[in-house]
2 protein chains.
Amino acid sequence: MKVPKRQQAVNNVRPTIRDVARAAGVSTATVSNVLRGTRFVGPARQKKVRDAIELLGYNPNWLAAGLRARRSGVIGLVVPDITISFFSGILSRIEELAAGSNYQIILADAQEKPERERERVRALLRRQPDGLILVPCSDYSAALQDIRQHKVPAVLVDRGGEVSGFDSIDVNNFDATREGAGHLLRLGHRQILAVATNPALRNIAQRIAGFKAALKAGRGRGQIINCSDPVEARQKVLRVLRERDRPTAIFAFTEQMALGSLRAIWESGIEFPGGISLIAFDDCEWMTALRPFVSTLRQPTNAIAEKAWLTLLKRLQGNQRIRSRQQLECTLMIRESTTRPGRVASQLAESAARRQTADPSG
Amino acid sequence: MKVPKRQQAVNNVRPTIRDVARAAGVSTATVSNVLRGTRFVGPARQKKVRDAIELLGYNPNWLAAGLRARRSGVIGLVVPDITISFFSGILSRIEELAAGSNYQIILADAQEKPERERERVRALLRRQPDGLILVPCSDYSAALQDIRQHKVPAVLVDRGGEVSGFDSIDVNNFDATREGAGHLLRLGHRQILAVATNPALRNIAQRIAGFKAALKAGRGRGQIINCSDPVEARQKVLRVLRERDRPTAIFAFTEQMALGSLRAIWESGIEFPGGISLIAFDDCEWMTALRPFVSTLRQPTNAIAEKAWLTLLKRLQGNQRIRSRQQLECTLMIRESTTRPGRVASQLAESAARRQTADPSG
DNA sequence: TTGAAAGCGATACCAC
DNA sequence: GTGGTATCGCTTTCAA
């Protein structure tokens, strides 16, 4: 004697829409309509359905819904490294906005490795994401090919630049860097060390360009080094600081590079900021926690996240009238770590320095 | 004249398993078996199938697969605030491990709000996650009820404690705090301010208990304040530092509280660390970037993440032999921000202080 | 060893 | 307004 499985009132299994329908004495169509407001349902049934849902503790299965509706409600978000606060800030805001529109975020961390990025993107695409937000880890990422093939709307953040077929949001790195370097030049610095990461990244390339432009205009001499992490930055910067003709200022192109540079500065024994100035991209809370407060170029993290989300949302809604490339401006935050160049290189040897610290500025 | 949709070779639509089957001249069952290695398939067909997959650029639809197999391949991860580096560190490691086992992470940020946490958890449960990893934002979270009801395996991290039906991983907060406070007491501090967050959180409650225990044993006097964010911490700490009989040391129970306390210290004008010592939970990179380097209690972030993932994975594999509660130890990192108490409260008025800084200790 | 076909749990079209 | 039901793309018996 066969009994359709559905009919046995199994108790320890998650209720389905049919269980609700049966309990409420209506059809599954009605339950679905109550839930999604797709079409009008009479108040009496409306209530019966809601009661049944409450009673059974029903929670719809999005796998099934997504399969049928061809809309997964999932957005894939790929970042180069989630432990970097610039990225986690963006992620945080996007997650919030997405949740507000009933989307969820599948996170993929590429760990700054293009192969890994590609692998993660492919896995993501299997999930039928409705859209993708991507902070690429290489300038021209293989992953983009896969995305194109799957025809999933995607927006490129921070390091995107102009790649055909993708929307992109970034900041005006060129002007920001020029402004930062200009600040140093105006203070009187003539020899500046830029600590960059991978010049193949769009944003870094732009910063390098801005840096060079400023030096050229301001008659300064510059040196640029590329490091992949704080440890490498620390070593390389230290080496530069120990040269006879050392720079009087450092321009760190990311928070990570600032961290490495700072370690190097302390180890060099040079008075800071008296003997060496520092300015950094990425305005982090810790930069105003200990002295000297670090001068920075603040990127509008929230605005970046919001623009990225809004752009994607419009695409999801089929809106075609979107500026495909949007750029935001950074803000120069002058604090204590940038001062006029005081000591000269020959005084380098002095160590265990006494430092003058001013009152907190803000 | 009706034509079954399937038969029209639609070109601009993602290929399905049936397209592959047709192209390879086999059944869908065979394609599935080739893909998943479920059962043996003859080498000739094997190859035909693989070729067809390659040709069509087929990527399986996980929504459909998950629906059918009752296994979504998704893990829900709920954190109180992803911008806090302790949580993003854990997330980062878990994401990596999960990807290694072919799972993906749906991220939910509760923003330290229990209502929000519950809402996010419910949304997560609709996704049919195979498991959940949760850093709860309240001691006894309503969300846990929902999880129980859905019978999804879940592990509680950091703030879990012993909740029946859930595995949990945390650190020995009691001993760690006792050790930290003991360090201050041994230096000679007798009046210590603890800057805590929400005492309803398990881990914070344990830290408070450890703090009290240390004070009692060491004959110190303590004061505990609770703050919800750095701004509040800054204000409250500043107020305390301006009292006549002010503490000579501060114990910040989280990175956020350390940030707020530091702002207050600078604003108070008290010499630091000469006039006021500071020790903090959570060992962050920035704490050794600027002077004085901050003494901390380091939590083994990676180990926490790994244990959490491993525990969940075992549950997913049906392993029942799991210690339901696992605890890890913290490490006291003594640096420069904790010194013997020097100045007394009456000297508070002096400001624009000159500070002695030692060489970096490493 | 392989194929046919019955679902998984929703949605949405077509009737009434 | 409401209900019946084909269907989304895949997995997994059951038969052959």
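Letters A, B, ... are given to chains in the order of the sequence lines, protein chains preceding strands, and every chain is numbered from 1. Side chains are part of it too, since the values below use all heavy atoms of this structure and drop only hydrogens, waters and symmetry mates.
A donor-acceptor contact under 3.5 Å links the side chain of Thr28(A) to the base of dT5(D). Arg39(A) contributes a side-chain N or O that forms a donor-acceptor pair with the base of dT2(D) under 3.5 Å.
In terms of phosphate contacts, Ser27(A) brings a side-chain nitrogen or oxygen within less than 4.0 Å of OP1 or OP2 of dG3(D).
Contact annotation for Val31(B): no contact, since no heavy-atom pair falls under 4.0 Å across all strands. Nucleic acid contact class of Ala29(B) (heavy atoms, under 4.0 Å, all strands): base. Within 4.0 Å of Thr30(B), counting heavy atoms only, lie sugar-phosphate atoms of the nucleic acid but no base atom.
Taking CD1 of Ile82(A) as the start and CD1 of Ile82(B) as the end, the distance is 5.5 Å to the nearest 0.5 Å.
Qualifying ring-ring contact (aromatic ring centres under 6.0 Å, His included) partners for Phe166(B), counting only residues two or more places apart in sequence or in other chains: none.
Mapped onto DNA chain C by nearest heavy atom, Gly42(B) and Pro15(A) fall at different nucleotides, with Gly42(B) at the one closer to the 5' end.
With the end axes of the helix from dT1(C)-dA16(D) to dC16(C)-dG1(D) each set by five pairs, the angle from one to the other reads 40° at 10° resolution.
For the pair Arg93(B)/Ser88(B), no side-chain contact is recorded, criterion being any heavy-atom separation below 4.5 Å from C-beta on.
Glu162(A) and Ser168(A) share no side-chain donor-acceptor pair at under 3.5 Å.
Relative to the ring axis of Tyr103(A), Arg71(A) places its NZ or CZ within 45° and under 6.0 Å from the centre.
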